[in-house]
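Only this structure's heavy atoms are used, side chains among them; waters, hydrogens and symmetry mates stay out. All values reported here derive from a predicted model rather than from experimental measurement. Below, chain A is the first sequence line, B the second, and so on; all start at residue 1.
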Amino acid sequence: MSGEALQPIRGMSDIAAPDIQLWQHLERVARDILACYHFSEVRTPIVEYTSVFTRSLGEATDVVQKEMYTFEDRGGRSLTLRPEGTAGIMRYVANAGQDAQDARIFYIGPMFRAERPAAGRRRQFHQLGAECMGSPSPAADAEIIALQVHLLQAWGIKDFKLELNTRGLPDDHARVADGIRAALRPHRADLCDDCQRRFDENPLRIIDCKKSGCRAIVEQIPPVTEYMGTEARKYLQELMELLRQLEIPATANPYLVRGLDYYVHTVWEITHTGLGAQDALAGGGRYQMQMGRQTCEGVGFAIGLERILAVLQGQGVNGTDFARRPCVWLVSQGEAAFRENMLLMQSLRMRGIEASMDLSGRSMKAQMRAANKANSRFVVIRGEEEMERGTFQLKSMDSGTQEELELPEIMQRLIQERELS
RNA sequence: GUGGGUGUAGCUCAGUUGGUUAGAGCGUCAGAUUGUGGUUCUGAAAGUCGCGGGUUCGAGUCCCGUCAUCCACCCCA
């Protein structure tokens with residue numbers, strides 16, 4: 001396929017039926033739940049000044065170093081397609097000033113990362129995220145985790161696992177890095193090549209290296225919390241206690257690390273087996289970032305919607321399960337009947353009834369087939385005989401029964417059906 | 001960015017050691033004593049065998065390149 005013109009860009013996909021119905025279902029369910037938790041939607045631009053991301057996520061992170069879609073606009077400004085949602089929301093919050101001090105915001109939309117596509121990893125993917133600003137208490141962390149878990153449960157996700165850890169306060173970060181280096185120094189030669197590099201650049205990353213050799217070494221050194229002040233440890237304990245009260249199953253995992261620099265205190269991840277190598281469904285954390293002169297502090301999460309879809313589809317859920325079912329299909333024979341059906345179709349639609357018909361003058365059999373294919377509840381048949389008698393046939397496609405009725409009765413019946421369904 | 005698998009009809013895939021006009025199932029469309037769907041039967045349409053080059057009398061099949069796609073690594077949603 002030479003098809004530059006026809007195919008979407010690598011790692012980006014069109015979303016259409018039947019999948020789109022599942023997407024819309026997820027969004028509908030989510031919006032209802034988010035409203036219950038009193039979160040409101042903000043739609044920020046998909047493109048931001050590059051500095052919005054580099055300053056908040058951290059210059060040295062993988063996302064910033066090698067995964068961003070960055071380009072220059074005509075005025076020579078460096079712009080970036082958002083690789084995640086939090087930074088843009090924080091920019092919005094900082095810009096909104098006092099009005100947004102204790103904002104509770106959610107967002108949903110596409111994110112972009114220039115990575116090699118694989119199972120569960122796309123260049124354009126979609127996240128639903130929520131941010132809760134203003135409260136420095138672990139209660140806010142607990143609330144937002146409760147919301148996230150609620151969403152997954154409402155969508156019908158089974159068997160997910162919630163693990164959390166703390167990154168400590170900003171002051172703790174350097175102490176943790178030094179502590180890890182000191183503890184690992186005797187074993188340095190035994191670490192893998194990647195971890196050799198990480199030792200200097202970002203020792204925290206060694207903690208969640210998946211290689212068995214590194215794991216064995218890491219398990220011998222003290223958990224990262226050992227290097228933190230009491231405040232960080234107390235914070236995590238309080239959060240764990242709150243989650244217990246809310247009956248949210250969570251395990252503390254001292255080896256959990258998340259890649260972005262803006263995190264303080266709590267970080268967490270929700271995984272699901274059977275997703276392939278990318279098993280993270282969602283993540284979150286408490287963060288602190290500088291936006292202009294303001295320090296924005298909050299706690300938030302992001303859920304990868306493609307991965308939610310993948311899990312649900314693995315559980316046998318199908319987009320067609322959420323397809324709308326047309327109430328009635330109009331079938332006609334002859335030009336005059338066709339015209340009258342056009343009019344009838346319009347008045348049905350104006351009354352909120354899903355109505356459809358074939359517009360290309362096909363045979364009655366073909367029209368019936370189309371009605372069946374669209375899974376219509378009813379067919380209204382208007383042929384020459386009915387034209388003479390001034391009647392319509394109303395056929396139920398489920399039972400196969402059919403009766404001859406006049407226009408007012410047809411309308412009444414279909415309106416009743418709409419109210420029932 | 002590194003490595004591996006795969007590109008044949010709208011979809012899922014066959015296609016023998018290279019050998020005539022490239023096949024199946026599903027789907028689509030049309031018919032089965034003419035006004036009625038689903039089941040069944042019959043028929044039809046539909047392919048630059050990803051693209052470019054090479055080897056050969058001859059390439060869907062072999063070789064090289066390229067693009068796309070899937071999967072893994074890195075990292076994350």
N or O in side chain of Arg362(A) less than 4.0 angstrom from rG31(B) OP1/OP2: no
Can you tell me how far P of rC29(B) sits from CE of Met368(A), to the nearest Å? 15 Å
Checking all strands, does Gly400(A) fall into the base, sugar-phosphate, or nothing category for heavy-atom contacts under 4.0 angstrom? base
Side-chain contact check for Arg113(A): nearest option of rG37(B), rC76(B), rU69(B) is rC76(B)
When both distances are under 3.5 Å in a Watson-Crick or G-U wobble arrangement, the nucleotide paired with rG27(B) is none
Going by atom types only, do Gln393(A) and Glu386(A) share a side-chain donor-acceptor pair under 3.5 Å? yes
I want to verify a distance call: between rG35(B), rA77(B), rA72(B), whose nearest atom is closest to the Phe125(A) side chain? rA77(B)
Looking at Glu306(A) and His126(A), would you say the former's side chain and the latter's main chain have a donor-acceptor pair under 3.5 Å? yes
Given RNA chain B, 5'-ward residue of the pair Gly383(A) and Lys373(A), judged by closest heavy atom: Lys373(A)
Confirm from the modelled atom types if Gln402(A) and rU36(B) form a donor-acceptor pair under 3.5 Å, side chain to base only. yes
Is it the case that the base of rA77(B) and the side chain of Glu115(A) share a donor-acceptor contact (distance under 3.5 Å, atom types as modelled)? yes
Taking N and O atoms by type only, does the side chain of Arg382(A) place a donor or acceptor under 3.5 Å from a partner on the base of rG35(B)? no
Is there a donor and acceptor pair, one atom on the side chain of Arg307(A) and one on the base of rC76(B), closer than 3.5 Å? yes
Against the side chain of Arg258(A), the closest entry in rU69(B), rG37(B), rC76(B) is rC76(B)
Contact class for Ile381(A) (heavy atom, under 4.0 Å): base, sugar-phosphate, or nothing? base
Donor-acceptor check, side chain of Gln21(A) to backbone of Asp321(A), threshold 3.5 angstrom: yes or no? no
Distance alone, cut at 3.5 Å: any donor-acceptor contact between the side chains of Thr266(A) and Asp141(A)? yes
Just call it for Glu385(A): base, sugar-phosphate, or nothing, with non-hydrogen atoms closer than 4.0 Å on any strand. base
Apply the side chain to side chain contact (heavy atoms under 4.5 Å, CB included) test between Cys296(A) and each candidate in Gln288(A), Met291(A), Gln290(A); give the one that qualifies. Met291(A)
Looking at Arg382(A) and Thr391(A), would you say the former's side chain and the latter's main chain have a donor-acceptor pair under 3.5 Å? yes
Tell me whether the count of non-hydrogen atoms from other residues, nucleotides or ligands lying under 6.0 Å of CZ in Phe125(A) goes above 12. yes
Take Cys209(A) and Ile9(A), find for each the nucleotide of RNA chain B with the closest heavy atom, and name the residue whose nucleotide sits nearer the 5' end. Ile9(A)
I need the CZ-P distance between Phe301(A) and rA77(B), as an integer number of Å. 13 Å
Rounded to whole angstrom, note down the C1' distance from rA30(B) over to rA45(B). 10 Å
Can you tell me how far P of rA77(B) sits from CZ of Phe106(A), to the nearest Å? 20 Å
Taking atom types as they are modelled, would you say the side chain of Glu386(A) forms a donor-acceptor pair with the base of rG35(B) within the 3.5 Å cutoff? yes
Tell me the interatomic distance from Leu6(A), atom CG, to rC51(B), atom P, rounded to whole angstroms. 14 Å
So which nucleotide does rA22(B) pair with, by the Watson-Crick or G-U wobble rule with both distances under 3.5 Å? none
Only pairs with both distances under 3.5 Å count, Watson-Crick or wobble alike; so what is the partner of rG65(B) in this structure? rC51(B)
Taking rC70(B), rC76(B), rG35(B) as options, the one with an atom nearest any side-chain atom of Arg205(A) is rC76(B)
Please measure how far the P atom in rG27(B) lies from the corresponding atom in rU12(B), and state the result in whole Å. 15 Å
Which value, in whole Å, describes the distance between the P atoms of nucleotides rA44(B) and rG52(B)? 31 Å
Distance check needed: rC76(B) P versus Leu204(A) CG, whole Å only. 10 Å
Could you tell me the separation between the CG atom of Asp358(A) and the C1' atom of rU28(B), rounded to a whole number of Å? 15 Å
Pairwise C1' distance, rU17(B) and rA59(B) [rounded to whole Å]: 14 Å
For rG37(B), take OP1 and OP2 only and decide whether either is under 4.0 Å from a side-chain N or O of Lys395(A). no
Quote, to the nearest angstrom, the P distance that separates rU20(B) from rU61(B). 14 Å
From C-beta outward on Arg10(A), which listed nucleotide comes closest to its side chain: rG37(B), rA68(B), rA72(B)? rA68(B)
From the candidates rG37(B), rG35(B), rC76(B), the one with an atom nearest any side-chain atom of Asp279(A) is rC76(B)
Distance, C1' atom - from rG18(B) to rC62(B), rounded to whole angstrom: 8 Å
Between Gln315(A) and Gly156(A) (side chain of the first, backbone of the second, donor and acceptor by atom type, cut-off under 3.5 Å), is there such a pair? yes
Examine Tyr235(A) together with His265(A) and report whether their ring centres are nearer than 6.0 Å. yes
rC73(B) phosphate, OP1 or OP2: any side-chain N/O from Arg116(A) under 4.0 angstrom? no
How would you label the contact of Leu281(A) with the nucleic acid (heavy atoms, under 4.0 Å): base, sugar-phosphate, or nothing? sugar-phosphate
To the nearest angstrom, how far is Asp62(A) atom CG from rA77(B) atom P? 11 Å
Distance between C1' atoms of rG25(B) and rU66(B) (Å, rounded): 33 Å
Please state the C1' separation for the pair rU55(B) and rU2(B) - nearest whole angstrom. 32 Å
In whole angstrom, give the distance that lies between atom NZ of Lys66(A) and atom C1' of rC76(B). 11 Å
So if I take every side-chain heavy atom of Ala119(A) and compare against rC76(B), rG35(B), rA72(B), which nucleotide ends up nearest? rA72(B)
Under 4.0 Å, counting only non-hydrogen atoms across every strand here, what does Ala366(A) touch: a base, just sugar-phosphate, or nothing? sugar-phosphate
